[in-house]
Structure formats: structure tokens, C-alpha cells
J.: 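The structure follows.
Just so we're on the same page: letters track the sequence lines, and every chain starts at 1.
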Amino acid sequence: MVDQSIASLAQKLRAKEISSVELTQDYLARIKQLDGQLNSFITVTDEVALAQAEAADKLIAAGSTSALAGIPIAHKDLFCTDGVLTTCASKMLHNFVPPYESTVTGRMLASGVVTLGKTNMDEFAMGSSNENSYYGAVKNPWNLEKVPGGSSGGSAAAVAAGLCVAATGTDTGGSIRQPASFCGISGLKPTYGRVSRFGMIAYASSLDQAGPMARSAEDCAHILQSIAGFDGNDSTCSEVAIEDYTANLDAPLDGLTIGLPKEYFGDGLNNDVATVIQDAVKEFEKLGAKVKEISLPNLNLSIPSYYVIAPSEASSNLSRFDGVRYGYRCEEPKDLMDMYKRSRGEGFGKEVQKRIMVGTYALSEGYYDAYYLKAQRIRRLIKEDFVNALAEVDVIMGPVAPTTAFGIGAKTDDPIAMYLEDIYTLSINLAGIPAMSIPAGFADGMPVGLQIMGNYFAEAKLLNVAHKFQQATDWHTKNPSLAEGA
Amino acid sequence: MNWEVVIGLEIHAQLSTQSKLFSGAATSFGAEPNTNTTLVDLGMPGALPVFNKEALRMAVMFGSAVNAEIGMTSVFARKNYFYPDLPKGYQTSQMDHPIVGKGFLDITLDDGTVKRVGITRAHLEEDAGKSLHEDFHGMTGIDLNRSSTPLLEIVSEPDMRSAKEAVAYVKMIHSIVTYLGICDGNMAEGSMRCDINISLRPKGQEEFGTRTEIKNVNSFRFIERAIYTEIERQADILEDGGKIVQETRLYDPDKDETRSMRSKEDANDYRYFPCPDLLPIELTQEYVDDIAANLPELPMQKAERFMSEYKLSEYDAGVLSATRAMADYFEEVAKAAGNAKLAANWVMGELSKYLNTEGKEITESNVSAEQLGGLLVRIGDNTINGNTAKSVLQAMWEGQGSADEIIEAKGLKQVTDTGAIEAMIQGVIEANAAQVEQFRASDEDKQKKMIGFFMGQVMKASQGKANPGVVTPILNKLLKG
């Protein structure tokens with residue numbers, strides 16, 4: 001039952017083959033059995049989940065048509081959940097129980113989901129390996145020696161291991177797509193502004209976007225349907241009307257033009273990963289698509305641009321964690337300055353402190369023009385590259401990451417190598433366009449994700465393209481084998 | 001040496017919106033600590049600002065009223081610094097692209113000359129909360145009710161050359177924002193606060209001297225005194241060959257001195273950058289034109305109208321239009337009394353005496369405009385004379401009722417019956433035979449001086465109720481025999 005899609009589970013729930021309570025009990029039992037190896041959950045909310053499941057069973061009996069009713073899911077632990085611990089995987093928020101609900105989790109509750117718990121992540125969503133968590137590293141269910149990717153590594157590992165049907169993630173520079181790629185699941189980063197950021201603890205406000213992580217593009221579509229759309233509580237949330245994301249999943253791909261950016265296939269890309277991507281593109285050609293080489297000339301500038309803009313915003317966004325009103329406060333502060341310094345010094349992990357310092361530096365008087373303003377100009381160039389490319393092609397494809405999941409600890413001492421992991425994903429956030437990662441094969445026994453990028457608000461098109469591929473292939477149905485109770 | 005003072009002002013006016021700049025919390029003053037707050041004002045994780053369009057409208061109104069360029073694209077920026085009552089660790093303000101750009105306004109000085117003062121800019125920003133140090137046993141309490149309250153920071157050019165000019169400018173800004181209804185102008189509650197930049201330079205020198213900034217002065221009187229004090233302090237230093245340190249100072253009204261808060265070296269690097277949680281504000285010309293076309297009457301315009309419509313003197317028109325509340329009060333009295341000139345005299349004269357004695361604003365007057373108008377009607381129709389009216393007003397001020405009730409109750413109705421008055425005058429003449437004889441023996445000039453004595457006697461006999469207009473001709477006739 002644990003490798004079923006949302007659509008098939010929804011059908012079984014309505015056919016009374018299983019109840020949501022039974023389904024929820026199955027998943028809770030699986031978490032208990034398996035998550036000791038993975039560490040994908042920070043908080044498991046058994047009681048809340050079972051109460052929600054009971055309510056969902058009643059909803060379904062009463063004729064609810066919501067595809068998500070009674071479906072057990074999990075949320076990345078940076079979505080504020082009313083009455084449920086929300087840590088951002090940080091000591092800073094180890095005791096923070098929000099008295100409010102984020103728009104994303106609130107909308108999913110309204111769709112009748114069952115929330116199993118909150119998933120592990122890189123602290124404050126800063127990282128590409130899920131090694132930066134106050135609650136410990138998350139392991140990749142395909143190989144426990146390897147990282148699941150980050151920052152939504154807990155969500156990716158949990159979905160891949162069948163500990164939940166689907167999960168939410170957030171993506172600031174690849175944090176949905178890269179862990180989806182590393183763990184062999186489907187993940188969608190929507191257009192910036194498609195999904196409300198209200199109640200999502202901010203990392204870099206102009207880049208952060210929430211999205212679904214699930215077993216298939218179709219499952220992603222069901223979740224996006226629930227969470228997307230205008231929200232008056234987020235001024236950057238778009239008023240562009242949402243589409244019916246499942247209606248055109250099966251639309252044929254005849255005549256689809258795929259752009260392959262030559263910069264995505266250059267130095268640094270692992271050969272085996274390249275082969276998987278090329279094979280996937282051939283599959284699309286079989287489905288009637290045409291391929292065109294394109295260029296995104298400023299791609300190499302996306303890393304420096306991102307690592308100025310994101311830390312700059314983060315340095316300001318994380319100022320509110322000062323030990324005054326909530327969260328961690330150091331013991332026995334001597335005075336105000338001591339309270340600030342020790343609360344923040346003890347409450348934030350190393351990577352978070354590093355990015356706060358980088359951002360503070362970049363925004364400082366005398367450096368602002370050279371760093372922040374220049375990074376913003378580069379951002380515009382990167383955006384123009386995508387706008388120009390997407391005027392010629394329908395979607396852009398390429399790898400999500402240069403390699404498959406790397407070993408735990410392999411890159412922790414080499415921040416530049418770690419930052420290079422994000423070379424194919426960062427530019428999408430800088431441009432604000434939507435992109436997906438879907439399983440496209442394996443290299444060295446580890447999953448490889450194909451990245452599909454589209455135009456602003458073209459989520460339905462991306463999901464359609466991804467779904468057709470998943471109809472023609474079975475990569476997304478592969479499951480890691482985990483020894484129970486190990 | 002002969003020093004010239006150069007003054008520029010930054011005025012923070014709290015906009016009188018119902019809700020806060022970036023949240024739906026109420027802005028009302030005096031609520032229980034931390035009750036007028038939402039997730040946004042408390043700086044909770046994941047809370048996001050939503051811009052209050054009413055504050056935008058008010059800022060554009062101000063810009064139109066001071067002849068300023070309106071920023072058709074304005075941008076909110078974050079001013080980053082740590083302070084316990086600044087919940088987000090940054091203040092959302094405007095930096096490079098303010099909503100109001102260059103403008104100007106004219107102030108009238110005591111000698112009647114008009115001076116133009118440049119407005120550099122005015123921008124929208126949110127207020128911080130308050131740190132409370134009492135009642136917390138050595139700890140600090142934080143009240144975030146004021147957090148995210150909308151402020152318009154109005155920055156002037158360094159165009160003022162005296163404390164008087166500075167005060168005239170602040171009064172004009174006060175007058176404009178209250179006329180526009182965008183700020184209640186209540187300085188005691190902090191609705192308008194003033195930062196004063198002051199420097200001295202030898203008269204004739206073009207270059208500015210080093211300035212100091214006096215923070216958060218909150219009354220017209222303190223502004224004037226703080227400036228005098230600071231001029232003296234700076235002049236003393238310069239006369240002794242010293243140098244002014246660029247710094248922020250605080251004015252202590254109890255000691256009438258300014259003292260250093262922090263020097264330029266200690267100044268924060270605020271690391272301004274555009275707020276990524278708020279989109280730039282884009283205005284249409286239509287929106288701006290519509291606001292400009294529908295501005296309420298401003299103080300200068302009102303003064304001119306008072307002069308042309310009510311034939312008031314320039315001085316009277318200026319006083320009565322100084323605040324919107326005063327102007328509204330006056331116009332209501334004038335309407336009720338049917339006599340603008342009389343209304344002007346009474347509002348500026350008798351009524352102001354009572355207000356000043358009790359330190360009250362016109363809005364707090366014990367006597368409403370309608371009631372005062374009712375009193376003036378009774379002067380106009382000769383029911384009472386001016387002197388009696390003064391005592392009636394006193395009774396009204398003390399809450400004894402309306403003018404008519406008091407006149408009735410005290411029997412103050414004026415006597416205009418010529419027969420009764422003639423009898424009274426006859427009585428006075430008989431009782432003062434010696435003075436009458438002296439009067440009749442005097443020349444005309446002397447007589448004019450003496451008539452006041454008899455007038456007084458008649459008024460006394462009538463207990464002040466005789467109509468002087470009726471008394472005078474009869475008295476003259478009977479005295480001359």
C-alpha cells in the first residue's frame with residue numbers, strides 16, 4: 001500500500017478498500033520501523049494524524065471529492081503549523097510552537113490531508129545535503145551512506161522510503177529539485193509567487209517558493225492544486241488565475257520543442273548523469289518532441305549572484321531571531337548585547353552563521369554597490385536569458401545536479417564544491433520560472449533526476465510533460481529497499 | 001563672531017490610518033500592552049507585511065499639499081539594526097525611492113514676511129515598539145502596540161536660519177497635516193516628533209558648519225528652546241576655538257540642555273536594501289491627479305477666504321486658520337451668530353482667555369461653537385450688552401447652561417424701554433447734583449470726559465442691563481438740561 005499514488009489511494013478510500021485511519025496507522029508504523037535509519041522526521045504527530053484521519057473518513061463518507069482527503073503527508077519543518085512544533089531544524093527554534101498556520105499547510109488541511117509530522121531539513125533551508133540540521137543528518141534511503149540532498153532532504157527521503165505519500169518542500173536555490181533527484185522522486189518548484197509564502201519561515205524572500213514532492217508528476221499536480229493561488233497575506237503572491245493542473249496531464253507532446261542549454265552539458269557534469277539525461281531526452285523524441293540546442297550564456301554567474309542575494313536577504317530575515325520574544329535565549333545574559341550575541345551564537349548553526357555574515361558584509365556601506373547591486377544586475381541578465389530561450393522553445397531540459405547523491409561528509413569541508421552542486425538549479429530561482437525534477441534513471445545505483453524548466457506560470461505544461469514521460473517509463477516507480485527495523 | 005545658524009528638520013508624523021502600515025492591527029493609542037498587534041507587528045516567523053493603501057493615499061495628499069514631485073514608483077527598503085522593541089530586526093522604510101520627492105511650502109514670519117522652505121522628501125515608514133523600564137525589576141518590558149504604526153517622515157532642506165523660523169515651519173507642517181486629516185497632530189502623544197539638525201557658520205560663509213542632530217523633540221516650545229540651547233552650546237565651543245562633533249543629541253527640557261547620545265563613529269550601518277517582501281508601489285497619473293484635485297482647503301487658502309468672505313484682517317485670518325480645529329470652530333460660531341467679525345473677536349478674545357488659562361485646546365473647550373454662537377446672537381439682537389455677555393460666558397464656561405438659560409435665570413436681559421431709562425437717568429441726575437452743576441459749567445471737551453462718570457452711574461443703577469445705545473442720547477439731552 002505504501003507505494004501507491006494519490007489518485008489510486010483516493011479511489012481505494014472511496015471504494016472502502018481501506019480507511020484513512022488504517023492507512024495512517026500503516027504509515028505511522030512504517031515511520032516507527034524505518035525512520036531510525038533515515039532521520040527524515042523531526043516531529044511525528046501521531047495523535048493529530050489519527051484525529052485528522054478519522055475526520056477525513058467522515059468527509060469521504062459524506063462525499064468529499066478532494067483527491068487529498070485522507071492522504072497521509074508530511075510537511076517540511078519550516079511551515080508554521082498551529083500548535084505543532086516548528087523548528088526549521090535549528091536550535092534557535094527548538095521550542096517554537098506557532099499559534100498560527102501557514103497558508104500552504106492550511107490549504108492542505110482544508111483539502112482533508114492527514115499530517116503525519118514535520119520533516120528534517122538543512123537548518124533554515126541553508127544547504128544542499130541535509131547535513132546542516134540541529135536534529136542530525138538525514139540519510140538517503142537508496143544508500144544510507146549518502147546524503148538525500150537538501151535542503152528539503154527529510155521530505156525527499158520520507159517520500160522515497162514510503163514514510164508518507166507525499167510531502168511539501170521549499171526551494172530557494174534547488175531545495176526541492178536536488179533532493180528529489182537524489183532520492184528518485186518527483187518535485188516541483190512553482191513560479192515565484194504561485195504559492196503563498198505566508199507562514200513559511202523565510203530564508204531568501206525573493207527566491208523562496210514552496211512546492212510538492214511526491215511519487216509522480218500526477219501526485220504533484222494534486223498537491224499544487226491545493227496550495228497554489230493568490231493569498232492576501234503575501235504581497236508577492238500572484239493574482240494570475242490558477243489552472244486545473246490534472247486536466248491536461250495526458251495531452252500529447254507532438255510538436256513540443258525542448259531546449260537543451262549547452263551550458264548544462266559542459267565541464268563538471270558527471271558522464272553517467274549526462275547519459276541518463278540524454279536517454280531521457282530521446283524518450284521525449286519518441287513521444288513526438290523536437291529538440292533544439294539553446295544557450296543560457298550567464299549560467300556561470302548564477303552561483304556568485306545567488307550567494308550574494310540569498311545571504312543578503314537571509315541576514316535581514318534572520319534578524320528577528322534575537323532571543324527577545326520566542327525561540328532560544330541564552331542562559332543568564334549579562335546585558336542586552338550579551339543576550340544577542342550568545343542567543344544567536346549558540347542558537348544558529350555554522351552554515352547559518354556563515355551566510356548571515358556573508359550577507360551582512362555584502363549589504364555593508366561601501367560594499368553594497370559592488371556586491372548586492374551587481375548581483376541584482378546579473379540576476380536580470382539571467383532572467384533575460386531564460387525569457388529569450390523560452391521564446392524559442394516550450395520547455396528546457398537538463399540535469400538537476402552534476403552528480404548523483406554524494407557521501408555524507410564528502411563535501412562538508414569544501415563549501416565551494418558544495419555550492420557548485422546547485423549550478424543547474426540556482427538560476428531558475430533567480431529567474432523565478434517553474435521547474436521540476438523527475439526520476440530519469442540511475443547512475444551507480446543512485447537515482448538521477450531530469451530537470452524540466454518552463455515559462456512563468458506554465459506549471460500545467462511542466463506537469464503534462466513530466467506525466468507523459470512517466471506514462472512511458474517506470475523510473476518513478478522504483479523503490480529503495482530498506483531493511484525493516486535496522 | 002557673528003554666527004548664522006542653519007537648521008533643517010525631520011518631522012515624523014504618525015498617519016491617522018485605522019490600521020497599521022503593514023498589518024490589520026488597530027493604531028489606537030493607550031491600549032493594553034501588546035494587544036494592538038498581529039503576527040506581523042510581533043515579527044513572528046513566516047509573517048509577511050501587507051501594505052496599507054490608506055497610508056499611501058495620505059502620503060500622496062501631503063506631497064500634493066507641499067507642491068512636491070510624487071514618486072510614481074516608490075520602494076520600501078529595510079533599515080537593519082538590532083533593538084529589543086524592533087521585532088523584525090529591521091524597520092521597513094523608504095530609501096532611494098521615496099513616495100514624496102522635492103517640494104516646498106511658505107511660512108509667514110512674525111514680521112509678516114513670507115519665507116519659502118524646501119522639502120527634500122517625505123517617505124513612509126513603520127514605527128518601532130516601546131521599551132518599558134519601570135515595573136520590571138531591572139528587566140525591560142516590550143510593548144509592540146506601536147510597532148508598524150505608519151509614519152510619514154518629512155525632511156526639510158537646511159533652509160531655516162532661526163529658532164523662530166524652525167518653529168514657524170513645524171507649525172505649518174502641523175497645520176497642513178491636520179488640515180489634510182492625515183495626522184491628529186497630537187505632539188504630547190507622540191503623533192508628531194521632530195529631529196532638529198543644527199549647525200553654525202560665520203555670517204557670510206557659504207559652507208555649512210558641522211551639524212548635530214537633536215532627536216525626538218515633541219513640542220513647539222521645546223523645539224524653540226532646544227534650538228536656543230544648542231546654538232549657545234555650539235557658539236561657546238566655536239568661540240573658544242573648538243570643533244563641533246557630529247553627533248546625535250538629546251534635549252532635556254527639565255535641565256534645558258542637550259546632551260550627547262551617540263557620535264557619528266558609533267552610528268549603525270543600517271545596510272539598507274529593497275524589502276523583498278513588498279512589491280514596488282506603482283502609481284498612475286490618474287490616481288495622483290485625483291488626490292490633488294480633491295485636497296481639502298489648506299491653511300493659506302483658508303486664511304485668504306476668511307479675509308475675502310468675512311472681511312477679517314490678515315492677522316485675524318492667520319490666527320483663526322492656524323489649525324483646522326480652530327478654523328472649524330470659528331466658522332461654526334460665525335454661522336450660528338450670523339456675524340463673522342463678532343465671532344472672530346470673541347473666539348480670539350474671551351474664549352481664548354479661558355482656553356489659555358486652563359491650557360486647553362479649542363477641541364477641549366467647555367463651550368461649544370454652537371453655544372458661543374447662541375451667546376453672540378443675544379449681543380446682536382440687543383438682549384444683552386457686551387459686558388453682560390462676558391459674565392454670561394463665564395457662567396457658560398462653568399457649565400451653568402446655555403446663554404439664554406443664564407440670561408433668563410439671572411435676569412440679565414437688557415433694558416431698552418426709553419421711559420424706564422429716562423427715569424433711571426433722572427434719578428442719577430438728582431442724586432449727583434454737584435457733578436451735574438460742574439458738567440453744565442464745563443466746556444465741550446471737559447464734558448466729553450465727564451460723560452463716562454454718568455454713564456457708569458446709569459449702568460450701575462440698571463445693574464448693567466441698560467442698553468448703552470439707548471442711554472447715550474437721552475443722557476446727553478438731560479444733562480445739558
J.: Which atoms of P98(A) come close to chain B, meaning under 4.5 Å heavy atom to heavy atom: side chain ones, backbone ones, both, or neither?
T.: neither
J.: Among G24(B), G43(B), C275(B), P49(B), single out the residue with the greatest number of heavy-atom pairs under 4.5 Å to chain A.
T.: G43(B)
J.: In this structure, are over 12 heavy atoms from other groups packed under 6.0 Å from R193(B) atom CZ?
T.: yes
J.: Report the donor-acceptor contacts between chain B and chain A below 3.5 Å as a table, one pair per row.
T.:
from: L42(B); atom 1: O; to: R325(A); atom 2: NH1; distance (Å): 2.6
from: G43(B); atom 1: O; to: R325(A); atom 2: NH1; distance (Å): 3.4
from: G43(B); atom 1: O; to: Y326(A); atom 2: OH; distance (Å): 2.5
from: M44(B); atom 1: O; to: R320(A); atom 2: NH1; distance (Å): 2.6
from: P45(B); atom 1: O; to: Y100(A); atom 2: OH; distance (Å): 2.5
from: G46(B); atom 1: O; to: G199(A); atom 2: N; distance (Å): 2.7
from: P49(B); atom 1: O; to: S235(A); atom 2: OG; distance (Å): 2.8
from: R78(B); atom 1: NH1; to: S316(A); atom 2: OG; distance (Å): 2.9
from: R78(B); atom 1: NH1; to: N317(A); atom 2: OD1; distance (Å): 2.8
from: R78(B); atom 1: NH2; to: N317(A); atom 2: OD1; distance (Å): 3.1
from: N80(B); atom 1: OD1; to: S316(A); atom 2: OG; distance (Å): 2.8
from: Y83(B); atom 1: N; to: Y340(A); atom 2: OH; distance (Å): 3.3
from: P87(B); atom 1: O; to: R325(A); atom 2: NH1; distance (Å): 3.1
from: P87(B); atom 1: O; to: R325(A); atom 2: NH2; distance (Å): 2.7
from: K88(B); atom 1: O; to: R320(A); atom 2: N; distance (Å): 3.3
from: Y90(B); atom 1: OH; to: R320(A); atom 2: NH2; distance (Å): 3.2
from: D269(B); atom 1: OD2; to: E365(A); atom 2: N; distance (Å): 2.8
from: D277(B); atom 1: OD1; to: R197(A); atom 2: NH1; distance (Å): 3.2
from: D277(B); atom 1: OD1; to: R197(A); atom 2: NH2; distance (Å): 3.0
from: D277(B); atom 1: OD1; to: S205(A); atom 2: OG; distance (Å): 3.3

J.: Please look at L336(A) and chain B and tell me whether the side chain, the backbone, both or neither of the residue comes under 4.5 angstrom of a heavy atom of that chain.
T.: side chain
J.: Under a 4.5 Å cutoff for heavy-atom pairs, which residue among L144(B), V50(B), L278(B) has the most contacts with chain A?
T.: V50(B)
J.: Is there a side-chain contact (heavy atoms from CB on, under 4.5 Å) between F273(B) and I309(A)? Walk through the geometry before answering.
T.: CA-CA 11 Å; F273(B) 76 109; I309(A) 292 169; over 6 Å; no
J.: Name all residues meeting the side chain to side chain contact (heavy atoms under 4.5 Å, CB included) criterion together with L283(B); count only those two or more places apart in sequence or in a different chain, and write none if there are none.
T.: L56(B), V60(B), I70(B), M72(B), I99(B), I281(B), Y287(B), V288(B)
J.: Quick check: closest heavy atoms across P45(B) and F321(A), and the distance to 0.1 Å?
T.: CG-CE2, 3.8 Å
